[in-house]
Amino acid sequence: MPPQPEAAPPESALPGVRIGDVLVPGRVFVAPMTGVSDLPFRRLAARLGAPYVATEMVASAEFARGRPDVVRRAAVGEGLPLTVIQLVGADPLAMAEGARLAERAGADLIDLNFGCPAKEVTGAACGSALMRDLEQARRIIGAAVAATSRPVTLKMRLGWDEASRNAPALAEAAQALGVQAITVHGRTRAQFYRGVADWAAVREVRQAIRLPLVVNGDVTDAESARAALAASGADAVMIGRGVYGRPWLAAAIQQALDGRQPFAEPGPDERLGLVLDHLAESLRFYGEGLGLKVFRKHLAWAIEAAPWPASAEARRAARARLCRLEQASQVQAALTALWLEPERLAA
Ligand SMILES: Cc1cc2nc3c(=O)[nH]c(=O)nc-3n(C[C@H](O)[C@H](O)[C@H](O)COP(=O)(O)O)c2cc1C
């Protein structure tokens, strides 16, 4: 009998997910979220152990023209072990230029957004609108893959609507064009964020492709992560809204999946340190005024996600009060006071 080639280790034996020449060192990815996943947030999540945190979507045509606020979305920096830049666009040439720029900016992975449901995005024939036009989708994917030496990945939904759930066909086409991993949010565009994510439907994509597959939608803890992986057969989960106010979530879920530790939320002192660090980073990145404005939504989420003050009403009152403060120093002082004496101050 001729010597048999040594079998590659099964994917599930790897400590993470291999995407082209990149080994993502874990199976719980943090989703690209516009208005959330800026550099300060990505750094914080990465520092807390998230193996993969994507940028906000970066409009490729505006990126290529150097529009400052768009270039800022693609910002990379120290403290990011893995850089994932997500591009959105309708034009193959602009997407190719976006991919070249993303590589030059330091991207390890370049993700294409074929899932965004927002009217301004689909109205411009971008995001999930591309699931309705597979020819154009193919042209865009081909142009991006040809323009960069970095692995290109694709994020999509189940389809445009119930009547056109074509994620398996798009995934198959993407694989043939050289895409190296696929993420599927288990909703259609028509659902926006309504209803529940259909993880079992993502299994049809699993059956259509050999590539690493990431399942997304409504994963918020270890239990939902396990259920999503089991239902879809995916290699990894991607978490979005669950990280609001909980930037440690990817690492906590990963530890629970590995059986290393039960799922654990950090205690008060650690949370306070993280919120104050995040505020300081935001002020550094955007400057004082804009830094505080952008940070307010993270501040609100941090207070909502904290287990104190004990009553939800008191938390809401504290959140409203702290989000009205105009000076960063006032926010720092009020946060510290809230954390130290939550019940008295919220009263
Ligand atoms: C505020 C917000 C912004 C988002 N921005 C993006 C984006 O820029 N690119 C993208 O591919 N998806 C974006 N998404 C979709 C998420 O990446 C994710 O697919 C979706 O929220 C479902 O996951 P979840 O249920 O864990 O939140 C966004 C979602 C939210 C809530």
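Just so you know, ligand 1 is whichever comes first in the structure, and atom 1 is the first atom listed for that ligand. We use all heavy atoms of the structure for the numbers below, so side chains are in, but hydrogens, waters and symmetry mates are not. These numbers come from a predicted model, not from an experiment.
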Short N/O distance, under 3.5 Å, between [X] and ligand 1?
X    : answer
Y244 : no
N216 : yes
M57  : yes
G240 : yes

>> Using a 6.0 Å cut-off, check whether atom CD of Q207 has over 12 heavy atoms from anything other than its own residue.
In response: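 Yes - once you tally the heavy atoms of other residues, nucleotides and ligands closer than 6.0 Å, there are more than 12.
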> Do other residues, nucleotides or ligands put more than 12 heavy atoms under 6.0 Å from the CZ atom of R260?
Replying inline: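 More than 12 heavy atoms, drawn from other residues, nucleotides or ligands, come within 6.0 Å of this atom.
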> Which of the atoms in ligand 1, numbered in the order shown and given with their element, are less than 4.0 Å from a heavy-atom of R241?
Replying inline: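 Checking each atom against R241, I get 21 (O), 24 (P), 25 (O), 26 (O), 27 (O), 31 (C).
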> For ligand 1, which atoms, with element, lie under 4.0 Å from some heavy atom of A31?
Replying inline: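 So the atoms of ligand 1 that pass are 17 (O).
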Residue part near ligand 1, for [X], under 4.0 Å between non-hydrogen atoms:
X    : answer
H185 : side chain
K155 : side chain
D218 : both

>> In this structure, does ligand 1 have an atom that sits under 4.0 Å from one of the heavy atoms of G115?
In response: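 No, G115 has no heavy atoms under 4.0 Å from ligand 1.
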Residue and atom name of the nearest protein heavy atom (relative to [atom]), distance in Å to one decimal:
atom                    : answer
atom 29 (C) of ligand 1 : Y193 OH, 3.2 Å
atom 6 (C) of ligand 1  : P32 O, 3.1 Å
atom 11 (O) of ligand 1 : Q86 NE2, 2.8 Å
atom 8 (O) of ligand 1  : T34 OG1, 2.7 Å

> Below 4.5 Å, heavy atoms only, C-beta onward: do Y52 and M238 meet side chain to side chain?
Replying inline: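 Yes, their side chains come closer than 4.5 Å.
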> Going by atom types alone, do R139 and Q136 pair a side-chain donor with an acceptor below 3.5 Å?
Replying inline: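 Judged by distance alone, the side chains do pair up.
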>> Do V121 and L130 land in one hydrophobic cluster if side-chain heavy atoms of ILVMFWY residues count as linked below 4.5 Å?
In response: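 No: no chain of side-chain contacts under 4.5 Å links V121 to L130.
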> Could you walk me through whether R100 and E103 pass the salt bridge (charged side-chain N to carboxylate O under 4.0 Å, His left out) check?
Replying inline: CA-CA 5 Å; R100 269 190 288 276; E103 175 170 355; over 6 Å; no
> Are the charged groups of E223 and R226 less than 4.0 angstrom apart, N to O?
Replying inline: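 Looking at R226 together with E223, the answer is no, because their closest N to O distance does not fall below 4.0 Å.
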> In terms of side-chain geometry, is the basic nitrogen of R206 or D235 positioned less than 4.0 Å from the acidic oxygen of its partner?
Replying inline: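 D235 and R206: salt-bridged.
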>> Please verify the inter-ring angle class for F295 with H278; under 30° counts as parallel, over 60° as perpendicular, anything in between as tilted.
In response: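 F295 vs H278 ring planes: perpendicular.
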